[in-house]
Amino acid sequence: MTETVTYELMVNGERRVVEGSWLGESLLFALRERLGLPGSKNACEQGECGSCSVRLDDRLVCACLVLAADAQGRSVTTVEGLTGADGDALTDVQRAFLDEGGVQCGFCTPGLVMSVHDLLDRNPTPDDLELREAISGNLCRCTGYGRILAAARTVVARRGEASLHESEGPA
Amino acid sequence: MVEVNAGRRRPSSVVSLTRVPELAGWHREGDEIVLGACLTYADMERGELAALVPALAQAARTIGSPQIRAVATLGGNIGTASPAGDTLPVLAALDAVVEVAGRAGGRRVPLLELITGVKKTSLAPGELVTAVRVPVLRGGQEFLKVGTRNAMVISVVMVAVVVDLDGQSVRAGLGSVAPVPVRAREAERYAGEHTDWSRGRLAGPAVARRFGELCAESTAAIDDHRSTADYRRRAVAVCAARALARALPPLEA
């Protein structure tokens with residue numbers, strides 16, 4: 001018989017109780033199977049594919065490589081926790097993935113969206129190498145990455161234009 | 001965690017080290033840096049620490065992906081003792097000393113004595129790596145790694161070259177070319193004797209090439225599913241020559 005534990009996680013700004021959990025469960029398992037948040041995808045379970053990328057406090061991690069119980073007291077943000085500006089259901093990164101055709105089968109998309117957000121939060125104007133390094137832990141077997149890189153560049157360009165308009169003030 | 005996910009390991013108890021402040025971060029003690037066992041690769045990649053120990057930062061940046069570097073730790077790399085552990089050649093070149101804590105108290109062990117074989121260490125049951133001590137050295141440092149691609153790759157060979165201008169020595173650590181990290185002592189001696197220490201320059205470009213060959217001779221490379229012994233020796237020779245020429249630029253012939 002395996003001992004089970006109950007603990008609390010802070011996920012997307014909400015306190016969530018994980019009940020009857022085995023201590024060895026990954027954060028990914030807890031999110032998908034215990035808390036009903038299937039946006040973070042489960043594929044390799046060894047950190048290779050990046051499909052389960054989430055934010056843990058201020059760092060992007062593979063949820064499959066973090067013990068769920070070890071995430072207590074820290075803030076977890078999943079793709080479900082992303083919201084766009086002005087009531088848009090999609091963030092500008094998600095919108096750019098659609099506009100640029102960066103989504104094909106869609107399995108890698110949540111992880112890639114999290115990676116691009118994480119990069120642009122830290123570095124609003126990445127060069128090409130920084131962009132490629134930032135998504136180096138996210139595997140996509142459909143797109144060949146071209147449209148994904150295009151989507152990221154589109155976000156950078158759109159945010160640049162928006163801040164330019166702001167700094168010019170109201171017309 | 002990978003083994004737990006795969007069902008190969010089912011621990012009956014779990015101890016989280018991420019909230020032990022004594023194991024996190026790093027600090028300077030005189031001419032030494034004390035690196036906590038829970039220091040992540042992301043912590044080593046940039047900032048002040050990267051400026052103090054550049055070869056460690058270079059090695060950290062080649063590991064896994066940003067997601068993995070955010071959680072993977074120096075203590076984990078040492079405890080795993082993989083021949084392909086990416087920080088190990090750097091720590092070997094720096095003559096790193098590992099601090100270990102156990103029920104019987106603490107001890108300090110040179111890294112090369114701690115790692116005894118493929119994924120084997122001299123850690124006793126109940127002992128824990130708590131920190132690693134490395135010197136702050138004046139001089140160039142370089143880490144080079146060959147893998148089958150750029151990201152998310154297990155190394156085929158690694159070379160770390162550390163120059164100590166004040167101690168007038170060159171040190172080379174090699175990885176993925178033997179069961180344990182290797183110091184290329186013969187190559188180090190040769191480079192030290194063929195350096196103009198008053199100017200901090202190698203005597204000439206040929207010294208770097210010979211240094212590379214000597215490094216290759218100090219390996220015990222094998223054929224495996226990632227590469228061949230011949231390729232590994234060749235790659236060590238090329239990488240070591242290149243690393244030395246960057247860390248200690250040669251006088252023109």
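The chains referred to below are lettered A, B, ... by the order of the sequence lines, with proteins before strands, and numbering in each begins at 1.
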Please determine whether the number of non-hydrogen atoms from other residues, nucleotides or ligands lying under 6.0 Å from atom [atom1] of [X] exceeds 12.
X	atom1	result
B:Arg149	CZ	yes
B:Arg61	CZ	no
B:Arg8	CZ	yes
B:Asn150	CG	no
B:Tyr231	OH	no
B:Arg9	CZ	no

Where on [X] is there a heavy atom nearer than 4.5 Å to chain B: the side chain, the backbone, both, or neither?
X	value
A:Glu25	backbone
A:Leu56	neither
A:Arg74	side chain
A:Val66	both

Could you tell me which of [options] has the largest number of non-hydrogen atom pairs under 4.5 Å with chain B?
options	result
A:Glu133, A:Met114, A:Arg132	A:Glu133
A:Arg59, A:Glu45, A:Glu48	A:Arg59
A:Gly47, A:Gly50, A:Ala69	A:Gly47

If we only count heavy atoms from C-beta on, is the [X] to [Y] side-chain gap below 4.5 Å?
X	Y	answer
B:Met1	A:Cys64	no
A:Asp70	B:Arg19	yes
B:Val4	A:Trp22	yes

| task | Give the intermediate values and the outcome of side-chain hydrogen bond (donor to acceptor under 3.5 Å, both in side chains) for residues A:Asn138 and B:Gln67. | result | CA-CA 9 Å; A:Asn138 294 81; B:Gln67 289 95 317; 3.1 Å; yes
| said: Using a 4.5 angstrom heavy-atom cutoff, name the option from B:Thr18, B:Val71, B:Ile68 with the most pairs to chain A. | reply: B:Thr18
Give the table of side-chain donor-acceptor pairs shorter than 3.5 Å for residues 234-247 of chain B, with sequence neighbours excluded, one pair per line with atom names and distance.
| from | atom 1 | to | atom 2 | distance (Å) |
| --- | --- | --- | --- | --- |
| B:Arg246 | NH1 | B:Glu142 | OE2 | 3.2 |

| field | Reported OG-to-CG distance for the pair B:Ser13 and A:Leu23, which is rounded to 0.5 angstrom | value | 8.5 Å
| remark: What one should report as the nearest heavy-atom pair of B:Ser65 and A:Gly137 is CB-CA, 3.2 Å
| said: Report which part of B:Thr40 has an atom under 4.5 Å of a heavy atom belonging to chain A: side chain, backbone, both, or neither. | reply: side chain
